[in-house]
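Everything numeric here is computed off the predicted structure, so don't read it as measured data.
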Amino acid sequence: MRMSGVRQAVLRLFRGGQAGRRRPLSTSSRCRGVMPAWVIDKYGTNEVLRFTENIGFPAIMYPNEVIVKVCAAGLNPIDVAMRGGYGAATLSVKRDPLNINQLSSEFPLVLGRDVSGVIMERGLDVNIFTEGDEVWAAIPLWKQGSLAEFVVLSGNEVSRKPKSLSHREAASIPYVATTAWSALVNTGGLGKDNCANKRILILGGSGGVGTFSIQMLKAWGAHVTVTCSQNAEGFVRELGADHVVDYTAGPVEEPLSCLDKFDLILDNIGGDTERWALNLLKPWCGAKYVTLVTPFLQNTDRLGVADGMMKTAATVATKVIKHLVRGVHYRWGFFAPSGLALDEVCEMVDAGQIRAVVEETFTFPQVPQAFEKVEKGHARGKTVVQISEGEDS
């Protein structure tokens, strides 16, 4: 009995020590164990969104992590898709690759991929940030999101917020910026040193990724053609688009085929665009078609991770070879969080080359309405949620 009591005391001491090391911060005179957030407890429509003041407070589990107090969060179509279960199979494996927590669940799940806020605590290996730094970030899909008072991130996912932007404005950029950067720079091979006078076509130019891509490519000297509705033509021209094709006037492939061929096509639309879009590229000149609409997560959701990945690999390999023999490159682009990419974007924003495009701002209690707005589509910029009362707007 004495040994049992000693062991229990030691265990309590050890657990207390562990909790002490993992305790993220105290925002008042007492330690906080919970925080307010919007969560989902199952996948479904907007009715699954639930506000709670009792979700677990995030903790620093690794020395390269930081805790960010969320000032503003941006919403994207991916949040609506994830609310309905999109990518659940793959993201569950990513969260627990060894299936250690067999009885655990991703719920309650916090959505939101964009965050702008203030660093409240940092791990021992984080040296480039300190408490109080204003930062922004795009949050990986498998992590808890930004529709909460605090969020924990890896230091390499975070970047200093542009000084010229408020938190509300800054929260509109990270997800679309890192997605566009991944597609155009990492996959497309474009950059500020090789983009001058290149002809770029953006299919779907008035949404978040499209509006950001227009500005970045124009800052690098490219000639940019976009497709959008007639109602959005003035909007995308104001951002710098050189030529606009109205998709509501008829099939866009006809007017596009009358133009000079392109060095790169960024496809935000998907559907049957692959059937005709690659014919618009310059053959045998290294021209690339990069689509952000891929079946990868749909395959893994439908077939399971292993079979879904095999089907995906077979699909992309077939398409790459099919188009390579015709002298053009077929590629898939993906969202890839990157603090380094956001560092570059921050410089462009503060230099006045890229501006935030916020279509509508909602308060924290209005998160369901914000989801409804995003779900309607036909965006002319981003939807942002102001999380912290009294923060800059």
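- The only option from L239, L217, L266 that meets the side-chain contact (heavy atoms from CB on, under 4.5 Å) definition with V224 turns out to be L217.
- Shown are L184, L190, T211; of these, the side-chain contact (heavy atoms from CB on, under 4.5 Å) with M216 is made only by L184.
- Under the 30°/60° scheme for interplanar angles, the aromatic rings of F364 and F51 are found to stand perpendicular.
- Using a cutoff of 4.0 Å between basic side-chain nitrogens and carboxylate oxygens, E149 and K69 are not scored as salt-bridged.
- Aromatic pair F107/Y43: ring centres closer than 6.0 Å.
- No donor-acceptor pair under 3.5 Å is formed between the side chain of S182 and the backbone N or O of T178.
- Scored by the side-chain hydrogen bond (donor to acceptor under 3.5 Å, both in side chains) test, K94 finds no partners at all (sequence neighbours excluded).
- Across Q386, R168, Q366, E169, a single residue satisfies side-chain hydrogen bond (donor to acceptor under 3.5 Å, both in side chains) together with T361, and that is R168.
- Classified by interplanar angle (parallel below 30°, tilted 30° to 60°, perpendicular above 60°), the ring pair Y330/H323 is parallel.
- No side-chain heavy atom of C195 sits less than 4.5 Å from a side-chain heavy atom of K218.
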* Quick one: do R160 and F129 satisfy side-chain contact (heavy atoms from CB on, under 4.5 Å)? Show the steps, please. => CA-CA 8 Å; R160 283 184 173 79; F129 301 109; 3.9 Å; yes
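- Between K163 and E134 there is no salt bridge, since no side-chain nitrogen of the basic residue lies less than 4.0 Å from a carboxylate oxygen of the acidic one.
- Side-chain contact check for N279 and R326: at least one donor-acceptor pair (N or O, by modelled atom type) lies under 3.5 Å.
- Side-chain N/O atoms of N231 and R380 include no donor and acceptor closer than 3.5 Å.
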* Full working for side-chain contact (heavy atoms from CB on, under 4.5 Å) between V115 and I139 -> CA-CA 8 Å; V115 59; I139 304 173; 4.1 Å; yes
* To do: Take R331 and Y289 through the side-chain contact (heavy atoms from CB on, under 4.5 Å) test and state the conclusion after the steps.
  => CA-CA 6 Å; R331 297 288 186 270; Y289 167 88; over 6 Å; no
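- A salt bridge between E274 and K319 is present, with a side-chain N of the basic residue lying under 4.0 Å from a carboxylate O of the acidic one.
- Under the 3.5 Å distance criterion, with hydrogens and angles disregarded, a donor-acceptor pair is assigned to the side chains of H167 and S116.
- Of the possible donor and acceptor atoms, none in the side chain of T273 sits under 3.5 Å from a partner among the backbone N and O of D267.
- Within a 6.0 Å sphere centred on NZ of K311, other residues, nucleotides and ligands contribute 12 heavy atoms or fewer.
- In this structure, F334 places its CZ atom where more than 12 heavy-atom neighbours from other residues, nucleotides or ligands lie under 6.0 Å away.
- Note that CZ of F212 and OG of S172 are 10.0 Å apart. Values are rounded to the nearest 0.5 Å.
- The side-chain hydrogen bond (donor to acceptor under 3.5 Å, both in side chains) test applied to S92 returns no partner, not counting sequence neighbours.
- Side-chain contact, K143 with S154: a donor N or O sits under 3.5 Å from an acceptor N or O.
- For the pair K382/N76, a side-chain contact is recorded, criterion being any heavy-atom separation below 4.5 Å from C-beta on.
- Within 6.0 Å of CE in M348 there are more than 12 heavy atoms belonging to other residues, nucleotides or ligands.
- Follow the hydrophobic side-chain contacts under 4.5 Å out from W142 and you reach L153 in the same cluster.
- Checked by atom type and distance alone, the side chain of E254 never pairs as donor or acceptor with a backbone atom of P251 at under 3.5 Å.
- Distance CG/D307 to OG1/T312: 10.5 Å, rounded to 0.5 Å.
- N197 CG: 12 or fewer foreign heavy atoms inside a 6.0 Å radius.
- One hydrophobic cluster, built from ILVMFWY side chains closer than 4.5 Å, cannot hold both L297 and V293; they sit in different ones.
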* Before giving the answer on side-chain contact (heavy atoms from CB on, under 4.5 Å), spell out for V385 and T363 the whole-Å C-alpha distance, their side-chain angles and the decisive distance to 0.1 Å. => CA-CA 6 Å; V385 178; T363 63; over 6 Å; no
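- For E372, the CD atom sits in a packed shell: over 12 heavy atoms of surrounding residues, nucleotides or ligands are nearer than 6.0 Å.
- Residues F262 and K198 have side chains not in contact (no heavy-atom distance under 4.5 Å, counting atoms from C-beta outward).
- Within the hydrophobic cluster formed by Ile, Leu, Val, Met, Phe, Trp and Tyr side chains joined at under 4.5 Å, directly or through other members, V384 is accompanied by V358.
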